Amino acid sequence: MLGFSPFKKHANKFNYIPRYYDPEEERRAQRRAELRGERPEDAGREYVPGQYVRTARTARAARREAERSARSKRRFGLLLTGIVVLLLFFVAIYPRVTAMMRQGEASSAVPAAAGHRVSSSDLDQSGISDVEWQQMPITVVPNDYEGR
């Protein structure tokens, strides 16, 4: 006999596959339906062409917007931290560094002045360093050699 038979073909084999309630499987099916753009209230309706594409697009846009807002919050935090560090530098560290440098200049300038050799005339420039020579004032003398 071909086709339907009321008798079992195999002694211990059922003609149906028993189905058990699996909550995980049901959650997966519900998630797949959401990703396809189906909602529980749309269960009886027909699929609208482009529904999956529109749902995926809106989900992607929402995810990107969330990422963008998180990134902007992170940037704002970095900027705020940088401003606080900069203010801390100018308020606490910079004055101390400048005071130390001034103190170092004052302590090194005193021995240099004590060891300075006074020249016998203004034209004698032996023993004067280039820096001291550049810092010396210029003396303007009248031009007498033309005989005016």
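What you are looking at is a predicted structure, and each value in this text was computed from that prediction instead of being measured.
- Glu24 is linked by a side chain to side chain donor-acceptor pair (under 3.5 Å) to Arg27, counting only residues two or more places apart in sequence or in another chain.
- Summarising the geometry of Pro95 relative to Val91, their closest heavy-atom pair is CG-O, 3.6 Å, with the distance given to 0.1 Å.
- A 6.0 Å sphere centred on CD of Gln103 holds no more than 12 heavy atoms belonging to other residues, nucleotides or ligands.
- For Gln134 (side chain) and Val131 (main-chain N/O), no donor-acceptor pair under 3.5 Å exists by modelled atom type.
- For the pair Ser69 and Ser72, the tightest heavy-atom approach, listed with the atom from each and the gap, is O-OG, 2.8 Å.
- With a 4.5 Å cut-off between side-chain heavy atoms of Ile, Leu, Val, Met, Phe, Trp and Tyr, the cluster of Met100 takes in none.
- Residue pairs meeting the salt bridge (charged side-chain N to carboxylate O under 4.0 Å, His left out) criterion with at least one partner in residues 50-65, sequence neighbours excluded, are Glu65-Arg68.
- Hydrophobic side-chain contacts under 4.5 Å tie Ile83 into a cluster, directly or through other members, with Leu79, Leu87.
- Listed by chain and number, the hydrophobic cluster partners of Val97 are Leu86, Phe89, Phe90, Ile93, Tyr94, Met101, where partners are ILVMFWY side chains within reach of under 4.5 Å, directly or through others.
- Applying the 6.0 Å contact sphere to CD of Glu34 captures more than 12 heavy atoms from other residues, nucleotides or ligands.
- Connectivity analysis of hydrophobic side chains (ILVMFWY, heavy atoms under 4.5 Å, direct or indirect) links Val84 to nothing; its cluster partners are none.
- Enclosure of atom CG in Asp22 by more than 12 non-hydrogen atoms of other residues, nucleotides or ligands within 6.0 angstrom is indicated.
- Partner of Arg28 under the side-chain contact (heavy atoms from CB on, under 4.5 Å) criterion, chosen from Glu26, Gln30, Arg31, Arg32: Arg32.
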